[in-house]
Protein chains: 2
Amino acid sequence: MNLSDFLHSLINLNTDELSDILSYFDKKVYEKNTILINEGEISHNLYFVENGMGRSYYLKKDGKEVTQWFFGSGKFMASADSFFQQTPSLYYLETLEKSVIYSISKVNLDHLFSKYHQMEQLGRLVSIEMLTKVVHKLNAIQFQTAKERYQYMLEEFPNISTRVPLGYIASYLGMTQETLSRIRR
Amino acid sequence: MNLSDFLHSLINLNTDELSDILSYFDKKVYEKNTILINEGEISHNLYFVENGMGRSYYLKKDGKEVTQWFFGSGKFMASADSFFQQTPSLYYLETLEKSVIYSISKVNLDHLFSKYHQMEQLGRLVSIEMLTKVVHKLNAIQFQTAKERYQYMLEEFPNISTRVPLGYIASYLGMTQETLSRIRR
DNA sequence: CTATTCCTTTGACATAAATCAAAAACCAAC
DNA sequence: GTTGGTTTTTGATTTATGTCAAAGGAATAG
């Protein structure tokens, strides 16, 4: 899904407003496994995935990667706390496939928020959607057994299992690759 | 913290705007252990805790309560998905102490969002803050050991351990009361 | 088509946390 | 203070999941 359609689906904009807003975004193709943010950096950009797939992940002291989130087509992608609070990122952000991605700087986004009431509305709607999804995941991890968690995953990210390594999914669900492998059987 | 101060701390409002906004809120005192929303109901109100303490909790099939969130003074309190998406709530919402609480209906809140750009901004800021906090908890539960999780808890909700039963805190952290008791030792 | 690398599954064993049960500590009302 | 009820701690045992190690499959590049 492209950015323009996405914006239209959530807020009302006339042609001039839309093209003004789009002019602040930068569209670019990234190769597979491109790092967009390193841990410790302050994230200055918000991304929108038009096509492809990304993930955020955390590196534990023992060197193990833990996937925190997957970002598919038609979703905003960010190290949320770092971008919004301008604090050092706890996560890495990377592409998992060759991806078409829009980006916008914090400064420009804030400018759009104050310029257009509808953009502010968009920001609110998108934040709430992310919040709902994170709560949903939290519930899965906190209340449910390993099996149910895998079910949740299939609903939230259909067909993901064919696109990313099993280990990424396992760590996203808070279990080891071996456990997930046994569950699927 | 009262609502008026809270609003001022996040957005700019003149006296007229402020009093108009406040007029949509309803201030009330609730006794300890008052249920504000039952599981299965669609939540029509958003709450703001001026004073006191609330929590949301989930009831598992085996009848065990799992605390999902605590809401202290100066925080908005809601069954987020139910209120914002107008879907049946997965949680119960209750007061844990005698509390002074403001409430506003979804209809009135939406009205304020469209009437005032700043209210839309407030909605965005509050949503992002909630998102950040939920992500923080998710990290604690997903990445950290039981001990570290308890540490996170003390940071996020200082002095909570003197105000609510241990079992509530344990389930919030995704562990049993016995485990938490052993950890604290 | 073959070789190298990466990814997934399987097995044996270790461990953190859950469960069940009871005792101890704490608190409130009388 | 004594009583009754609630909350917290402690102990013994079970269980789910993690860890380590190796084998089996699948994918990619040359």
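Each chain gets a letter, A, B and so on, in the order the sequences are listed, and its residues count up from 1. Here the structure is a predicted model, which means the values were calculated and not measured.
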(request) State whether the number of non-hydrogen atoms from other residues, nucleotides or ligands found under 6.0 Å of B:Lys115 atom NZ is greater than 12. (result) yes
(request) Could you please name the option among D:dT8, D:dT19, C:dA21 that lies closest to any side-chain atom of B:Glu178? (result) C:dA21
(request) Give the rounded distance in Å between these two atoms: CD of B:Gln142 and C1' of D:dT17. (result) 15 Å
(request) Rounded to the nearest angstrom, tell me the gap between atom CZ in B:Arg184 and atom P in D:dT9. (result) 5 Å
(message) With a 4.0 Å cutoff (strictly under), does any side-chain N or O of B:Thr176 reach OP1 or OP2 of C:dA18?
(response) yes
(request) Please name the pair of heavy atoms, one in B:Arg149 and one in B:Ala140, separated by the smallest distance, quoted to 0.1 Å. (result) CG-O, 3.2 Å
(message) Counting only side-chain heavy atoms from C-beta out, which of D:dT8, C:dT10, D:dG18 sits nearest to A:Met175?
(response) D:dG18
(message) Check the phosphate of D:dT28 against A:Lys32, side-chain N and O only, distance under 4.0 Å to OP1 or OP2. Yes or no?
(response) no
(request) Grab the CG-P distance between B:Leu173 and C:dA17 for me, whole Å please. (result) 12 Å
(message) Could you tell me how far apart A:Tyr150 (OH) and C:dT8 (C1') are, to the nearest whole angstrom?
(response) 12 Å
(message) Could you tell me how far apart A:Leu180 (CG) and C:dC7 (C1') are, to the nearest whole angstrom?
(response) 13 Å
(message) If the test is ring pair (Phe, Tyr, Trp, His ring centres under 6.0 Å), which one of B:Trp69, B:Phe71, B:Tyr150 qualifies with B:Tyr172?
(response) B:Trp69
(request) Starting at atom OH of A:Tyr168, determine the distance to atom C1' of C:dC6, rounded to an integer number of angstrom. (result) 11 Å
(message) Tell me the interatomic distance from A:Gln177, atom CD, to D:dA22, atom C1', rounded to whole angstroms.
(response) 14 Å
(message) Name the residue from A:Leu154, A:Ile160, A:Asn159 that meets the side chain to side chain contact (heavy atoms under 4.5 Å, CB included) definition with A:Phe157.
(response) A:Ile160
(request) Could you tell me whether the phosphate oxygens of D:dG18, OP1 or OP2, come under 4.0 Å of any side-chain nitrogen or oxygen in A:Thr179? (result) yes
(request) Would you mind reading off the distance between A:Leu166 atom CG and C:dT10 atom P, rounded to a whole angstrom? (result) 12 Å
(request) Answer yes or no: is there an ion pair linking B:Glu156 with B:Lys137, defined by an N-O contact shorter than 4.0 Å? (result) no
(message) Please find the pair of heavy atoms, one from B:Leu7 and one from B:Leu18, that lie closest to each other, and give the distance.
(response) CD1-CD1, 3.9 Å
(request) Enter the inter-axis angle for the ends of the helix from C:dC1-D:dG30 to C:dC30-D:dG1 (five pairs per end, rounded to 10°). (result) 50°
(message) Classify B:Arg182 by what it touches in the nucleic acid, base, sugar-phosphate, or nothing, heavy-atom distance under 4.0 Å.
(response) base
(message) If the test is ring pair (Phe, Tyr, Trp, His ring centres under 6.0 Å), which one of B:Phe6, B:Phe83, B:Tyr102, B:Phe84 qualifies with B:Phe76?
(response) B:Phe6
